Amino acid sequence: MAEKRLLLIDGNSIVYKAFYALINQVERFTNNKGVHTSAIYGFNNMLDIMLKKTNPTHALVAFDAGKTTFRTNMYDGYKAGRHKTPEELIEQFKYVKELLKARGIKTYELDNYEADDIIGTISKEADNNGFQTTVVTGDNDLTQLCSEKTTVSISNRGVSGVTHYDTDYVKETMGITPQQIIDWKALKGDSSDNYPGVKGVGDKTSLKLIKKFNSVENLYDNLDEVSGKKLKEHLIEDKQEAFLDKKLARIHRDAPIDIELTNLNYLGDNLEALVKFYREMNFKKFLSQMDFDETKDMKSINYTELTKDNLIDLKNNNDEVTFYLGIDGENYHSDNFIGFALKIDNDNYVSKDINLLKLPQLKNILENNNIVKNVFDTKRTYVGLNRLGITLKNVGFDLLLSSYLLNTNDNSNDLGRVANEHDYFEIQSDEDVYGKGAKRRIPEDDVLYSHFSRKLMAIQSLKQKLLDELNDNQQIDLYKNLELPLAFVLAKMEIDGIFVDKDILDQMSSKLTERISEIEQLIYNEAGVKFNIASPKQLGEILFEKMHLPVLKKTKTGYSTAVDVLEKLASNYPIVQEVLDYRQLSKILSTYIVGLSKDIHDDHKVHTRYLQTLTQTGRLSSVEPNLQNIPIRTEEGRKIRQAFVPSHKDWQIFSSDYSQIELRVLASISNDKNMQDEFINNDDIHASTARRIFDLKDNSDVTPELRRQAKAVNFGIVYGISDFGLANNTGISRKDAKQFIEKYFAEYPDVKNYMDDIVGKAKNNGYVETILHRRRYLPEINSRNFHQRSFAARTAMNSPIQGSAADIIKIAMIKMQKALKDNNLKAKMLLQVHDELIFEAPNDEIKILEKLVPKVMDSALKLKVPLKVKSHYGKNWYNIK
DNA sequence: GAACTCACG
DNA sequence: ACGTACGTGAGTTCA
């Protein structure tokens with residue numbers, strides 16, 4: 001007879017363990033319907049481990065049926081005083097049961113009995129029938145079930161760490177038999193089950209007594225032999241308790257169960273159901289671990305490969321098509337084309353011959369303003385097509401942009417992943433199809449073309465659903481009139497690029513290289529040894545161990561050598577100042593000279609990519625190169641800007657920036673009259689704040705130092721202030737910081753109200769939004785974890801401010817590009833740096849821009865306070881005043 | 001690939 | 001009591 005192996009799991013116990021093991025991340029584990037999934041996840045982890053370890057032929061998960069059991073009938077207080085099971089856990093039980101069904105494991109519960117008793121009963125039967133049984137639980141009591149054929153695995157340290165008990169191991173560690181566990185517990189009691197045992201008897205005394213007397217009964221028969229007067233008194237006094245507790249502790253091994261062992265065959269995973277379940281739970285890890293060919297699950301898809309000869313067959317009397325352009329990499333400015341796909345009605349047309357797009361039959365569709373195009377990533381598609389001399393017109397639906405607006409957390413750039421986020425599974429991610437890293441390659445035609453065709457299907461299938469969701473969120477306007485037009489604006493800015501004078505960078509490079517090696521020598525001399533200054537580890541050892549400098553701050557892995565630390569040491573230790581200089585210069589050299597040079601294209605320009613669907617607040621970000629963090633704060637670094645020059649002779653760089661846009665947004669959305677008045681009166685806002693919080697009579701009494709402090713408080717307010725944070729960042733004491741904040745809120749009471757309201761809104765709605773309904777979901781706002789919860793609260797305060805400012809400049813950009821065109825200007829908008837727009841323009845247009853740009857920018861969106869714009873220009877980006 | 005550091009708004 | 005400023009990208013080191 002084949003070996004029979006039974007896996008018995010105490011469902012309640014493991015689910016609880018899993019839940020509390022992941023309690024700090026409970027808000028991270030939610031699916032897209034807001035169901036908490038942490039315990040389900042942890043449970044499944046444990047299940048995987050135990051299935052692998054025991055390779056069972058039979059399996060069962062037992063659950064408690066309800067609150068009342070034969071034990072509560074025996075003793076009212078049984079399990080009383082336990083904390084109420086949190087709602088976040090209760091909702092997970094039914095899904096655990098669903099999971100088990102998909103994994104081919106039966107579940108069972110029995111009125112009046114606990115899971116323990118079901119397990120005790122079945123394991124006894126299993127023992128009698130020659131099963132090898134493994135019991136899994138988080139409860140040590142179950143070790144009483146150990147026998148020749150039954151081991152008990154207790155999960156500890158979360159759910160993945162497991163200790164395996166068999167009879168020998170119990171004897172070895174406890175010195176008693178598994179059956180005596182009951183006696184041991186009877187005397188010592190169990191606080192979590194709320195029975196006290198014998199007064200004054202704990203783990204150790206109880207163990208000693210049971211070792212000597214073997215059982216509770218024998219102990220009481222031979223009480224005279226107990227040494228210790230007090231102990232004897234307690235035993236006599238609590239005799240009844242001890243016998244009751246023994247009954248409570250004993251796991252029932254003859255419960256009236258109505259299932260047969262033979263019916264507990266472990267069936268194994270039902271792949272289809274399990275995939276569905278994992279998807280519903282958003283369990284990406286388990287999905288990726290599955291030995292499951294996703295493509296097998298997909299319907300086969302038809303397509304037609306286009307050639308020069310069959311283009312004639314394309315129906316083109318449609319008013320709507322779906323289009324996808326394949327590019328082999330992220331950088332659509334320069335990476336190779338893979339192919340394209342076009343969907344007209346239900347027909348998918350595909351090709352790897354990118355040049356076909358240039359033929360009128362296709363080009364005309366893409367350029368036709370009367371044919372709506374559905375795409376994934378308008379900007380990428382526009383720039384790619386532009387390289388082929390094609391101008392994309394009239395995008396109706398952009399899956400990437402829509403998805404980002406609906407939830408900034410789902411900001412993958414991968415069409416397949418985005419589709420999956422919206423419950424569309426007839427497609428894989430690019431990584432799954434192309435492979436990753438060194439293994440990445442474009443697959444054979446059929447696989448590629450099917451993948452392309454599925455992309456078309458995904459875009460088309462999700463169009464209405466996502467547009468409906470945008471509509472429900474009042475985001476249609478944001479989508480149609482802001483993000484979508486902006487994609488075109490950004491595309492043109494990226495394509496235009498900005499000219500970088502490589503010679504200037506090269507000159508700086510040689511000078512810097514020289515200076516850096518001089519500083520290096522100084523540092524080596526003082527340290528008395530050569531080492532890698534760029535290595536925080538080595539630098540820390542030199543400064544804090546070899547040279548014994550005071551340690552002011554540590555990181556997770558060692559000494560902190562960050563600027564704020566080094567700056568405190570610099571005045572006393574020359575080597576520290578040299579390290580700071582070294583750091584500053586090598587940063588400039590590596591990031592802004594060597595790094596930037598690598599991004600210069602053949603046209604002597606850099607063509608950044610603005611990531612339109614990345615940030616959580618609605619800002620843009622900029623990559624390859626990042627043109628939003630070119631140095632300005634130090635003279636040394638600022639010189640880098642000398643290399644950014646106009647692309648034509650006798651042109652200028654022109655720049656306009658919003659003044660205090662975030663504070664103005666705050667004044668507007670908080671409706672704080674005091675702050676609004678100051679902006680309306682065009683006061684120096686930081687001086688006014690200083691006057692208020694320092695109780696001065698007039699703004700003219702404000703010293704530069706007080707203004708500086710007030711400015712820091714204003715910044716802090718925008719970031720969702722705390723006294724600790726403000727103190728840390730400004731060097732004032734925490735007490736002072738606290739007072740400043742209190743005074744601030746007293747002076748600007750509606751700012752305080754706004755902060756309270758917005759956190760409340762986040763708690764109630766699960767998200768916050770900007771003036772234009774850009775959303776940010778904050779699931780952690782209700783977290784039990786202080787850190788996570790307060791981070792979410794600060795984010796709730798900051799995101800509508802930062803995000804509304806982003807909304808405003810985005811409107812300005814759309815209007816600005818149109819204004820340039822309408823005014824027939826040659827000037828080009830080149831860059832956006834969050835609150836600043838940078839142009840290049842012929843000399844004779846500067847006067848026009850000086851009026852036009854501020855006008856467009858300050859009227860982008862009407863707030864309850866005016867927007868203020870300042871402009872500068874010069875012959876390069878450095879030299880603008 | 002994570003950790004650290006530092007550039008910007 | 002808890003322990004942190006908001007949003008980014010990129011270069012270097014090191015396990």
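The figures that follow rest on heavy atoms only: side chains count, while hydrogens, waters and symmetry mates do not. Only a predicted model underlies this, so the values are computations on that prediction, with no experimental measurement involved.
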Exercise. Between A:R692 and A:Y744, is NZ or CZ placed under 6.0 angstrom from the six-membered ring centre and within 45° of the ring axis?
Worked result: no

Exercise. Say you pick atom P in B:dT5 and the same atom in C:dA5; how far apart are they, in whole Å?
Worked result: 14 Å

Problem set entry | Presence of salt bridge, A:E636 and A:R515, under 4.0 angstrom | yes

For this session: Give one of base, sugar-phosphate or nothing for A:Q538, where a contact means two heavy atoms less than 4.0 Å apart.
Result: sugar-phosphate

Problem set entry | Pairwise 5' ranking along DNA chain C for A:F791 and A:R734, keeping only the more 5' one | A:R734

Problem set entry | Touch class at under 4.0 angstrom, heavy-atom based, for A:V833 against every strand present | sugar-phosphate

Exercise. Does B:dT5 have OP1 or OP2 sitting under 4.0 Å from an N or O in the side chain of A:Q584?
Worked result: no

Seminar exercise, completed: Rounded to whole Å, CZ of A:R583 lies from P of C:dT13 at a distance of 12 Å

Exercise. What is the distance, rounded to the nearest whole Å, between atom CG of A:L831 and atom C1' of C:dG9?
Worked result: 15 Å

Problem set entry | Ring-on-base stacking C:dC6 with A:Y719 (under 5.5 Å, under 30°) | yes

For this session: Nearest 0.5 Å please: distance from the NZ atom of A:K639 over to the CD1 atom of A:I593.
Result: 11.5 Å

For this session: Mind calculating the distance between CD1 (A:I809) and C1' (C:dG7) to the nearest angstrom?
Result: 14 Å

Exercise. Is the Lys NZ or Arg CZ of A:K605 less than 6.0 Å from the centre of A:F499's six-membered ring, within 45° of the axis?
Worked result: no

Problem set entry | Interatomic distance where OH belongs to A:Y610 and P belongs to B:dC8 [whole Å] | 17 Å

Problem set entry | Side-chain N,O (A:S560) to OP1/OP2 (B:dC4) below 4.0 Å | no

For this session: Classify the side chain of A:N728 versus the base of C:dA5 as yes if they form a donor-acceptor pair under 3.5 Å and no if they do not.
Result: no

For this session: Determine the contact category for A:I801: base if any of its heavy atoms lies under 4.0 Å from a base atom, sugar-phosphate if only primed atoms, P, OP1 or OP2 are that close, otherwise nothing.
Result: nothing

Problem set entry | Touch class at under 4.0 angstrom, heavy-atom based, for A:L611 against every strand present | sugar-phosphate

Exercise. Has the side chain of A:Q802 got a donor or acceptor atom sitting under 3.5 Å from an opposite partner on the base of C:dC6?
Worked result: yes

For this session: Would you indicate, yes or no, if B:dT5 has its OP1 or OP2 atom less than 4.0 angstrom from a side-chain nitrogen or oxygen of A:T561?
Result: yes

Problem set entry | N/O (side chain, A:N798) to phosphate O (OP1/OP2, C:dG7) under 4.0 Å | no

For this session: Taking only the side-chain nitrogens and oxygens of A:T555, find out if one of them lies under 4.0 Å from OP1 or OP2 of B:dC4.
Result: yes

Exercise. Side chains of A:L620 and A:L611: closer than 4.5 Å at any heavy-atom pair?
Worked result: no

For this session: Identify which nucleotide among B:dC8, C:dG11, C:dA15 has an atom closest to any side-chain atom of A:R633, counting heavy atoms from C-beta outward.
Result: B:dC8

Seminar exercise, completed: C:dT8 -> Watson-Crick or G-U wobble partner, both distances under 3.5 Å, gives B:dA7

Exercise. Across the strands shown, which category fits A:N785 at heavy-atom distances under 4.0 angstrom: base, sugar-phosphate, nothing?
Worked result: nothing

Exercise. What nucleic acid atoms does A:G595 come within less than 4.0 Å of, heavy atoms only: base, sugar-phosphate, or nothing?
Worked result: sugar-phosphate

Exercise. In this structure, which one of A:I519, A:I516, A:I523 forms a side-chain contact (heavy atoms from CB on, under 4.5 Å) with A:I533?
Worked result: A:I523

For this session: Using a 4.0 Å heavy-atom cut-off across all strands, classify A:S622 as base, sugar-phosphate, or nothing.
Result: sugar-phosphate

Problem set entry | No-H, no-angle donor-acceptor pair, A:S722 side chain to C:dT4 base, under 3.5 Å | yes

Exercise. Checking all strands, does A:L614 fall into the base, sugar-phosphate, or nothing category for heavy-atom contacts under 4.0 angstrom?
Worked result: sugar-phosphate

Exercise. How long is the line joining NZ of A:K556 and P of C:dT13, in whole Å?
Worked result: 21 Å

Exercise. A:L596 CG to B:dA7 C1': how many Å, rounded?
Worked result: 13 Å

Exercise. At under 4.0 Å between heavy atoms, what does A:N729 touch on the DNA or RNA strands: base, sugar-phosphate, or nothing?
Worked result: base

For this session: With heavy atoms under 4.0 Å as the rule, sort A:E662 into base, sugar-phosphate or nothing.
Result: nothing

For this session: Please lay out, stage by stage, how A:F839 and A:Y873 fare under the test ring pair (Phe, Tyr, Trp, His ring centres under 6.0 Å).
Result: CA-CA 9 Å; A:F839 304 78; A:Y873 64 92; over 10 Å; no

Exercise. Please give, in whole Å, the distance from C:dG7 P to A:N626 CG?
Worked result: 17 Å

For this session: Would you classify A:A712 as touching base, sugar-phosphate or nothing, given that sugar-phosphate means primed atoms plus P, OP1 and OP2, and contacts are heavy atoms under 4.0 Å?
Result: base

Problem set entry | A:D581 and its side-chain hydrogen bond (donor to acceptor under 3.5 Å, both in side chains) partner, picked from A:Q577, A:Q584, A:R583 | A:Q577

Exercise. Under 4.0 Å: is that the gap between some side-chain N or O of A:S621 and OP1 or OP2 of C:dG7?
Worked result: no

For this session: Using whole Å, report how far CZ of A:R641 lies from P of B:dC8.
Result: 8 Å

Exercise. Quick one: is A:R619 getting a side-chain N or O under 4.0 Å of the B:dG9 phosphate, OP1 or OP2?
Worked result: no

Problem set entry | DNA chain C: 5'-proximal contact among A:T730 and A:E624 (nearest heavy atom) | A:T730

Exercise. Closest to the A:I632 side chain: B:dA3, C:dA15, B:dC8?
Worked result: B:dC8

Exercise. Where the side chain of A:P631 is concerned, which of C:dC14, B:dT5, B:dC8 is the nearest nucleotide?
Worked result: B:dC8

For this session: Check every strand shown and say whether A:V594 touches a base, only sugar-phosphate, or nothing at a heavy-atom separation below 4.0 Å.
Result: nothing

Problem set entry | Face-to-face stacking of A:F724 with C:dT4, centres under 5.5 angstrom, angle under 30° | yes

Problem set entry | Donor-acceptor pair (no angle test) under 3.5 Å: A:R794 side chain, C:dT4 base | yes

Exercise. So, is A:K587 near the phosphate of C:dT12, with a side-chain N or O under 4.0 Å from OP1 or OP2?
Worked result: no

For this session: Could you give the distance separating C:dT4 and B:dA3 at their P atoms, to the nearest angstrom?
Result: 15 Å

Exercise. When you measure from the centre of the six-membered ring of A:Y332, is the NZ or CZ of A:R380 under 6.0 Å away and within 45° of the axis?
Worked result: no

For this session: Look at the side chain of A:R776 against the base of C:dG7 and say whether a donor-acceptor pair falls under 3.5 Å; ignore hydrogens and angles.
Result: no

